[in-house]
Amino acid sequence: MIRGGQRLIRFLPTYRTTQINRISTMTRKDELVTNYESILAQIRDAEAKYGINNKDQVMLLAVSKLKPASDVQLLYDHGIRHFGENYVQELIEKSIALPKDINWHFIGGLQSNKCKDLAKIPNLYAVETVDSLKKANKLNEARSKYNPDSPPINCFIQINTSNEEQKSGLSDESEIFEIIEFFFNSNTKNINLIGLMTIGSWETSHNNDPDYINLDFENLVNWKSKIDSKYNTNLKLSMGMSADFKQAIKQGTSEVRVGTDIFGVRPAKH
Ligand SMILES: *Cc1c(COP(=O)(O)O)cnc(C)c1O
């Protein structure tokens, strides 16, 4: 009796720690799944409310930057396959650690000297921040050199719709037309133009007036009309984040990029 009791006391702390770890992992999964499903439901409501009769539903891109790979794995286990990342090194590490059928979207500021490293990631699905012909060319060349058997990289051209100097993206018409024509060139088989992307200004994304029209989003929609009619394309739009995704749906986006509302507030980038 006494020996058994002693053993029980000795093992009790270990047993409790294991249970607590298991419970906290479960809770994080519940939290992420609940948040994700809540945003998805809000997206579907907004589509219905604003009469979006698009056959293709708005895509929810889960932005996992600065969040641990374990968070991505938990949502992957719930069936999510599209994730967005901003930093090349972090994306490389996650792409190695996580399942190979994840479709990664690079949505951070694109540097010419990082295009090669990005293109080497076999399951890099999209680069949403292409803002020069030179970078598009580097992505294409590196993809054909290092990953010729992977699908072409889907590209969005980033447009600077708010004319803020610190924002990347193109705003010059001739430059935009030049890069679009580059994608139609027969030598660019490893990159594929699929859409336009923008990040609106902070002010436009935090306006709570229900009748508000976000001028940055409107600007992107106008670029789409202009390009679609000139080149007979049907480009997708990637606009809208946690603060303004409903507004983006109202104005006709194809994809919203949501981080904070799914994963919670991010740690500071060091
Ligand atoms: C971080 C980021 C997001 C997600 O922003 P949240 O406000 O956290 O939803 C979307 N798009 C881009 C380009 C980002 O850098």
Side-chain angles (χ1 to χ4, degrees), residues 31-43 46 58-69 71-72 75 80 82-92 94 102-111 114-115 118 124-132 135 139 153-171 194-208 214 216-217 219-220 223 236-251 253-270:
E31 189 181 342
L32 291 172
V33 168
T34 304
N35 291 347
Y36 183 91
E37 290 299 332
S38 156
I39 300 297
L40 198 59
Q42 291 175 54
I43 290 172
V58 172
M59 189 184 107
L60 170 55
L61 180 67
V63 176
S64 46
K65 64 169 179 244
L66 301 176
K67 293 288 174 176
D71 276 3
V72 176
L75 279 180
I80 313 309
H82 287 263
F83 293 92
E85 288 285 337
N86 285 55
Y87 307 104
V88 175
Q89 193 51 39
E90 183 180 347
L91 173 51
I92 291 170
K94 283 178 175 164
I102 287 179
N103 296 300
W104 293 107
H105 295 231
F106 183 75
I107 63 169
L110 186 60
Q111 292 171 279
K114 296 288 170 63
C115 288
L118 274 178
L124 177 75
Y125 175 83
V127 174
E128 299 204 9
T129 46
V130 175
D131 60 356
S132 78
K135 293 175 199 176
L139 287 171
I153 302 168
N154 294 305
C155 295
F156 291 72
I157 296 172
Q158 183 174 0
I159 309 281
N160 182 346
T161 51
S162 55
N163 285 318
E164 293 165 291
E165 269 186 30
Q166 75 276 18
K167 287 250 160 72
S168 0
L170 299 171
S171 51
I194 64 164
L196 304 176
M197 177 271 202
T198 199
I199 308 170
S201 71
W202 195 92
E203 291 74 25
T204 56
S205 66
H206 289 79
N207 189 310
N208 291 319
N214 181 316
D216 298 333
F217 293 168
N219 196 340
L220 196 69
W223 274 114
K236 291 178 188 297
L237 296 177
S238 171
M239 58 187 197
M241 325 201 315
S242 290
D244 55 7
F245 70 88
K246 287 180 200 161
Q247 183 68 39
I249 293 167
K250 189 177 177 180
Q251 292 183 233
T253 195
S254 331
E255 175 187 314
V256 294
R257 311 176 305 264
V258 177
T260 310
D261 280 4
I262 297 173
F263 295 96
V265 175
R266 287 178 288 272
K269 163 105 177 128
H270 27 259

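Excluded from the calculations below are hydrogen atoms, water molecules and symmetry mates; all remaining heavy atoms, backbone and side chain alike, are included. In each ligand, atom 1 is the first atom listed, and ligand 1 is the first ligand listed.
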Next item on the list: Look at the aromatic rings of His82 and Tyr125 and report parallel, tilted or perpendicular, splitting at 30° and 60°.
Entry: perpendicular
Notebook entry, point to check: Is a side-chain donor or acceptor of Gln251 paired with a backbone partner of Asn214 at a separation under 3.5 angstrom?
Noted result: yes
Next item on the list: Mark the output for Ile107 as yes if a heavy-atom distance to ligand 1 is under 4.0 Å, and as no if none is.
Entry: yes
Note to self: Counting only nitrogen or oxygen atoms and a 3.5 angstrom limit, does Val63 reach ligand 1?
What the structure shows: no
Next item on the list: Identify the protein heavy atom lying closest to atom 2 (C) of ligand 1, giving its residue, its atom name and the separation to 0.1 Å.
Entry: Lys65 NZ, 2.5 Å
Next item on the list: Tell me which protein heavy atom sits closest to atom 9 (O) of ligand 1, plus the residue, atom name and distance to 0.1 Å.
Entry: Ser242 OG, 2.6 Å
Check: Looking only at heavy atoms of Glu128, does any of them come nearer than 4.0 Å to an atom of ligand 1?
Finding: no
Next item on the list: Record the part of His105 in heavy-atom contact with ligand 1 below 4.0 Å; permitted values are side chain, backbone, both and neither.
Entry: neither
Checklist line | Side-chain donor/acceptor of Thr129 to backbone N/O of Gly108, under 3.5 Å | finding: yes
Margin query: Would you compute the distance between atom CD1 of Ile80 and atom CG of Asn103 and round it to the nearest 0.5 angstrom?
Written below: 12.0 Å
Check: Starting from atom 5 (O) of ligand 1, which protein heavy atom do you reach first, and at what distance in Å?
Finding: Met241 CE, 3.8 Å
Margin query: Return the closest protein heavy atom for atom 8 (O) of ligand 1 as residue, atom name and distance.
Written below: Thr260 OG1, 2.5 Å
Check: Numbering the atoms of ligand 1 from 1, which are under 4.0 Å from a heavy atom of Gly259?
Finding: 4 (C), 6 (P), 8 (O), 9 (O)
Margin query: Taking 4.0 angstrom as the limit and counting only heavy atoms of Met197, give me the atoms of ligand 1 inside it, by number and element.
Written below: 13 (C)
Checklist line | Ile194 CD1 to Leu237 CG distance, which is reported to the nearest 0.5 Å | finding: 11.0 Å
Note to self: Counting only heavy atoms closer than 4.0 Å, does ligand 1 sit against the backbone of Ile199, its side chain, both, or neither?
What the structure shows: side chain
Checklist line | Approximate separation, where rounding is to 0.5 Å, of Ile43 CD1 and Lys246 NZ | finding: 10.0 Å
Check: What's the shortest distance from atom 11 (N) of ligand 1 to any protein heavy atom, and which residue and atom give it?
Finding: Arg257 NE, 2.9 Å
Checklist line | ligand 1 atoms in contact with Asn86 (distance to a heavy atom under 4.0 Å) | finding: 14 (C), 15 (O)
Next item on the list: For Val258, take its heavy atoms, then give the atoms of ligand 1 lying under 4.0 Å from any of them.
Entry: 9 (O)
Check: Going from CG on Leu118 to CG on Leu91, what distance comes out if it is rounded to the nearest 0.5 angstrom?
Finding: 6.5 Å
Next item on the list: Please examine the side chains of Phe217 and Thr161, heavy atoms only from C-beta on, and report whether any two atoms are closer than 4.5 Å.
Entry: no
Next item on the list: Give, for atom CD of Glu85 and atom CG of Leu66, the distance between the pair rounded to the nearest 0.5 Å.
Entry: 8.0 Å
